[in-house]
Amino acid sequence: MAAPPPNLVPVAYQGGSPSVPDWLNKGDNAWQMISATLVGLQSVPGLVILYGSIVKKKWAVNSAFMAFYAFAAVVICWVVWAYKMSFGDKLLPFWGKAGPALGQKFLIKQAALPETTQFYDNGDVETAMATPLYPMASMVWFQCVFAAITLILLAGSVLGRMNFKAWMAFVPLWLTFSYTVGAFSLWGGGFLFHWGVMDYSGGYVIHLSSGIAGLTTAFWVGPRSSKDRERFPPNNVLLMLAGAGLLWMGWAGFNGGDPYTANIDSSMAVLNTNICAATSLLVWTWLDVIFFKKPSVIGAVQGMITGLVCITPGAGLVQGWAAIIMGILSGSVPWFTMMIVHKRWTLLQKIDDTLGVFHTHAVAGLLGGVLTGLFAEPELCALFLPVTKSRGGVYGGSGGIQILKQLVGGAFIIGWNVVVTSIICVVINFVIPLRMSEEQLLIGDDAVHGEEAYALWGDGEKYDVTKHGDITEHHMETRTSTGATQVM
């Protein structure tokens, strides 16, 4: 069949047309959109499922909904003002100017991060501005899902007692005054970016910030009820693993999309991510077996997460052997802080960090940042970083200075998040109580949302015949049930 005349082909498919400009690389654009989708799936449904399953039954709905709500809220705040605060024109050395990312003229032009041009001391250009070969719309969405998952990770510290209305206020405030600062400083062309601090895909911007801010928020909100702290079993271990699996596989987009192109460095980042995560999971499990005599499934998930977090700041900057070493350390150092230090440090005992986000994200993120400063390979650095001749400590030269830079970058993120998160919590508490009422803490989902996760009873709540049915009928079902699924 003969090809139709050119004028009959829709403009969307014509090369050199307004919809397919000369600068557009369809492969890069496809990978960036896929990566963004993978990162989005880590949150919705990944962490929604993980959070809804890893908590006790009476908090399943509330925990899942905190994640679900945060994702939606961040999307709107991001496109209305926060994207340009993170990746737009400079307002301060650590902050961009707020503005909308909604207009057609802005979104369909070639992506560009205006403050990323790197200069030598004499004023000559060292590295040109970052201009990926796809439209701004792809960049805005890719960075949006990173911002969203950061708030959702933070939520893990305050599950089971934070007032949902306070959470609704917290999300836009923390995104605006904390996340955008870290993103601009390290990624968008801020002072840490130009100084050469390495954060390939968010070890500091996302994980260190969420871990420190989560711990700080947990301090201001206060602990769960005493009964919940004493006994807080997962309500569905298998679904928890499903959520964890989505988190793991989604990390291919998390780290593989951050070169802003489908290049060889992206491939290195994806492979290193899986090497480190697998190593860390194995080490954490071995430590559980050695010291507690049982391989914990929750422990394996924690080890997987610490491995993913640790490799993130250096995913495309280190060699495979370094990824294994980082996995060994990410499976052991956070294990030690969670299982040993936490139980002996009075301050950590008083602060109720529900899912241990401080250990899995703050400790692992800072560890990964420092190890990146140690193991960053010069040739891989040249493929990605704006500061030429960057290298890790083991490669000599200026590598020793890099470790110092990594420590300073981490200290800035820690300090900013402790102060700003505290201010946000205090301000919100003047208007909305940060903590649920005692009645809500006792009852859980039904009191907070009027909904329950499962049509089951027996999680310690009072039996209510109007809600759970006639107990005689229940006992009759118990007697007549047979087989592997009988009610016990």
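Keep in mind that what you see is a predicted model, and the values were worked out from it rather than measured. Below, all heavy atoms of this structure are taken into account, side chains as well, without hydrogens, waters or symmetry copies. Heads up: numbering here begins at 1 and tracks the sequence.
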I'd like to check [X] versus [Y] (side-chain heavy atoms, cut-off strictly below 4.5 Å). Are they in contact?
X: S209; Y: W174; result: yes
X: S280; Y: C310; result: no
X: F146; Y: W78; result: no
X: L153; Y: I206; result: yes
X: W251; Y: T312; result: yes
X: V79; Y: W141; result: no
X: V145; Y: I149; result: no
X: F358; Y: I351; result: no

If you round to the nearest 0.5 Å, how far is [atom2] of [Y] from [atom1] of [X]?
X: I414; Y: I212; atom1: CD1; atom2: CD1; result: 4.5 Å
X: N29; Y: T261; atom1: CG; atom2: OG1; result: 11.0 Å
X: L287; Y: L282; atom1: CG; atom2: CG; result: 11.0 Å
X: L246; Y: L241; atom1: CG; atom2: CG; result: 11.5 Å
X: C276; Y: L281; atom1: SG; atom2: CG; result: 11.0 Å
X: I443; Y: S225; atom1: CD1; atom2: OG; result: 12.0 Å

Aromatic plane relationship, [Y] with [X] - under 30° parallel, 30 to 60° tilted, over 60° perpendicular:
X: W416; Y: F94; value: tilted
X: F65; Y: Y69; value: perpendicular
X: F291; Y: W335; value: tilted

Locate the shortest heavy-atom distance separating [X] from [Y]; write the atom from each residue and the value.
X: S43; Y: F71; value: CB-CD1, 3.7 Å
X: A218; Y: S157; value: CB-O, 3.8 Å
X: T360; Y: T306; value: CA-CG2, 3.7 Å
X: Y51; Y: A155; value: CE2-CB, 4.3 Å
X: L329; Y: P334; value: O-CD, 3.5 Å
X: N235; Y: A60; value: ND2-CB, 3.9 Å

Partner set under side-chain contact (heavy atoms from CB on, under 4.5 Å) for [X], not counting sequence neighbours:
X: A30; value: none
X: W345; value: V341, L347, L348
X: L91; value: K97
X: A98; value: W81, M85

- Step by step, work out the side-chain contact (heavy atoms from CB on, under 4.5 Å) result for L113 and M139. CA-CA 9 Å; L113 307 183; M139 177 63 77; 4.2 Å; yes
inquiry  = Is it the case that the ring center of F164 lies less than 6.0 angstrom away from the ring center of H449?
reply    = yes
- Can the ring centres of F254 and H207 be said to be less than 6.0 Å apart? yes
Could you check whether any side-chain N or O of [X] sits under 3.5 Å from a backbone N or O of [Y], counting only pairs where one atom can act as donor and the other as acceptor?
X: K84; Y: P100; value: yes
X: Q110; Y: Y134; value: no
X: D288; Y: F292; value: no
X: T127; Y: P386; value: yes
X: K57; Y: P233; value: no
X: Y260; Y: D28; value: no
X: T354; Y: L159; value: yes
X: E115; Y: F87; value: no
X: K405; Y: L192; value: no
X: N272; Y: A315; value: yes

Practice prompt. Might you confirm whether atom CD1 of I401 has over 12 heavy atoms from other residues, nucleotides or ligands at distances under 6.0 Å?
Written response: no
_How about CZ on F412, more than 12 heavy atoms from neighbouring residues, nucleotides or ligands closer than 6.0 Å, or not?_
yes
Set of side-chain hydrogen bond (donor to acceptor under 3.5 Å, both in side chains) partners for [X], sequence neighbours left out:
X: N163; value: none
X: W59; value: D228
X: R435; value: none
X: T337; value: H359

### Task
Start with the C-alpha distance between I311 and V318, add both sets of side-chain angles, then the distance that settles side-chain contact (heavy atoms from CB on, under 4.5 Å), and finish with yes or no.
CA-CA 9 Å; I311 195 61; V318 303; 4.0 Å; yes
Q. Between W31 and S266, do the side chains contain an N or O donor and an N or O acceptor separated by less than 3.5 Å?
A. yes
Sorted by chain and residue number, the ring pair (Phe, Tyr, Trp, His ring centres under 6.0 Å) partners of F336 (sequence neighbours excluded) come out as none
Practice task
Could you walk me through whether V197 and Q406 pass side-chain contact (heavy atoms from CB on, under 4.5 Å), step by step?
Solution key: CA-CA 6 Å; V197 177; Q406 299 301 105; 3.7 Å; yes
Exercise answer: donor-acceptor pairs, residues 422-434 side-chain atoms, under 3.5 Å, sequence neighbours excluded:
residue	atom	partner	partner atom	Å
S422	OG	W220	NE1	3.0
S422	OG	V418	O	2.7
N429	OD1	L434	N	3.1

message: Working note: S390 + M198, criterion side-chain contact (heavy atoms from CB on, under 4.5 Å); need CA distance, chi angles, decisive distance, verdict.
response: CA-CA 9 Å; S390 295; M198 298 176 182; 3.8 Å; yes
Quick note, side-chain hydrogen bond (donor to acceptor under 3.5 Å, both in side chains) partners involving residues 183-202, not counting sequence neighbours, are Q118-H194, Y200-D265, S201-N255, S201-D258
Table please: side-chain donor-acceptor pairs of residues 362-376 below 3.5 Å, with sequence neighbours left out.
residue	atom	partner	partner atom	Å
T372	OG1	G314	N	3.3
T372	OG1	G368	O	2.7

